[in-house]
Amino acid sequence: MTDITASDDGNSLTNSFKKYARWLALLAMLLGAAAFWGWRPAAKPLAPVSKVVIAIPTQIYSAPMIVATTQGFFQKAGVEVINQPALLGKLALQAVLDGKADLAVAADTPTMFAILGGKDIAIIAGISQSRRALGIVTRNDRGINSLQDLSGKSITVTKGTNGLYFLDAVLQVNGIASDSVNQVDLPVADGVAAFKAGKVDALAIFQPHLAQLEASMGKQIKVFYGEDVYAFRYLLIGKPAYIDSHPEEIQRILKALIAANAAIRTDLTSARHAVGEVVKVEDSIMAKLFDPEDYVVSLDQAMLLSLDDQTRWAMQQGLVKPGPVPNYLSFTKYQALKAVLPGAVKIVY
């Protein structure tokens with residue numbers, strides 16, 4: 001048996017302390033390197049604030065809302081969002097007006113009509129925009145080879161939506177009088193059915209119905225886009241009183257939407273699949289339509305100018321009473337977005 005002397009014991013303790021010191025130095029070096037490269041410990045989820053009911057159109061351009069829900073960005077931001085599906089943006093907006101939802105996602109045209117109608121709403125931010133979201137589809141068996149051939153033809157469009165403004169804008173740019181075209185007001189599904197059955201000559205329609213018609217009818221149709229005429233926008237909207245009294249919720253929702261847009265860019269396939277499942281559009285069509293550049297949270301001057309143009313159009317068409325164009329800046333609540341992402345606010349205020 002070997003005796004352990006006091007000297008041996010002291011050496012053992014000294015060696016232990018040296019080893020401990022080396023481990024501490026190594027740990028400090030690793031933590032320093034991690035901090036340099038931007039690593040941070042996983043943040044604890046924020047304590048949730050009150051529930052927010054958001055009416056959302058079951059459409060492709062609601063993608064940021066869908067991704068924020070399916071990938072947990074609302075939860076990570078500390079806000080409990082209850083999605084209330086709607087067929088169209090104007091129906092989502094109506095849910096807010098009826099007190100059935102706190103916020104809504106809706107296109108700019110129904111938003112414009114609501115403001116001109118004296119409704120108490122405000123725009124928080126745009127969440128998506130696209131120049132190929134709408135198109136005019138024509139039947140080849142009706143002798144329509146160009147947009148000028150629409151004169152004297154019948155075309156179905158869903159009034160109260162941005163489809164009507166889009167149609168009239170395209171007609172005007174191409175020198176076609178609006179009253180020279182027989183506009184048939186039908187709900188979206190009925191309009192598609194009437195077009196496929198040959199009851200109308202043309203159809204003003206938005207995605208994904210447009211792409212689905214291309215897939216099913218192929219060479220029987222032509223599609224005319226108006227990229228230089230109109231940019232489709234989806235806006236996040238609410239009543240001013242609600243927005244002002246829930247600043248924390250609004251900011252957390254915006255943070256989640258910004259994170260969702262980043263996720264769309266970094267993992268396009270997963271985001272596309274998630275959106276396709278919700279809107280019930282097959283992936284082959286989603287792959288053609290789902291462009292990450294369409295999804296940006298912003299408030300820009302172009303949006304305000306478009307609302308001005310749509311207002312003058314609505315007055316000229318007799319859809320609303322004539323009068324001064326509203327100052328749409330006063331119908332925006334840009335403060336929340338400015339607090340979250342200042343560079344996203346590009347309006348003159």
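FYI, the numbering just counts along the sequence from 1. Note that these values count all heavy atoms, side chains included, but never hydrogens, waters or copies made by symmetry.
- Open room surrounds NZ on Lys119; 12 or fewer heavy atoms of other groups in view lie less than 6.0 Å from it.
- Ring geometry for Phe331 against Tyr328 counts as tilted: the plane angle lies between 30° and 60°, on a 0 to 90° scale.
- Between the side chains of Tyr230 and Asp108, at least one donor N or O sits under 3.5 Å from an acceptor N or O.
- Between the side chains of Gln129 and Asp294, no donor-acceptor pair is found at a separation under 3.5 Å.
- Taking both residues in full, the closest heavy atoms of Thr158 and Leu186 are given as OG1-O, 2.7 Å, listed atom of the first, atom of the second, then distance.
- Relative orientation of the Tyr295 and Phe290 rings is tilted, given thresholds of 30° and 60° on the angle between their planes.
- Enclosure of atom NZ in Lys153 by more than 12 non-hydrogen atoms of other residues, nucleotides or ligands within 6.0 angstrom is indicated.
- Between Ala125 and Val297, the shortest heavy-atom contact is CB-CG1, 4.1 Å.
- With a 6.0 Å radius and a threshold of 12 heavy atoms from other residues, nucleotides or ligands, Lys239 has its NZ atom above the threshold.
- Side-chain contact check for Gln71 and Asp267: no donor-acceptor pair (N or O, by modelled atom type) lies under 3.5 Å.
- Shown here for Val345 and Tyr334, the closest heavy-atom pair between the two residues is CG2-O, 4.1 Å.
- At a threshold of 4.0 Å, the pair Asp201-Arg142 counts as salt-bridged, since one of the basic side-chain nitrogens sits closer than that to a carboxylate oxygen.
- The two residues Pro324 and Met315 have their closest heavy-atom pair at O-CE, 3.7 Å.
- Judged purely by distance below 3.5 Å, without hydrogens or angles, the side chains of Gln310 and Ser306 pair a donor atom with an acceptor atom.
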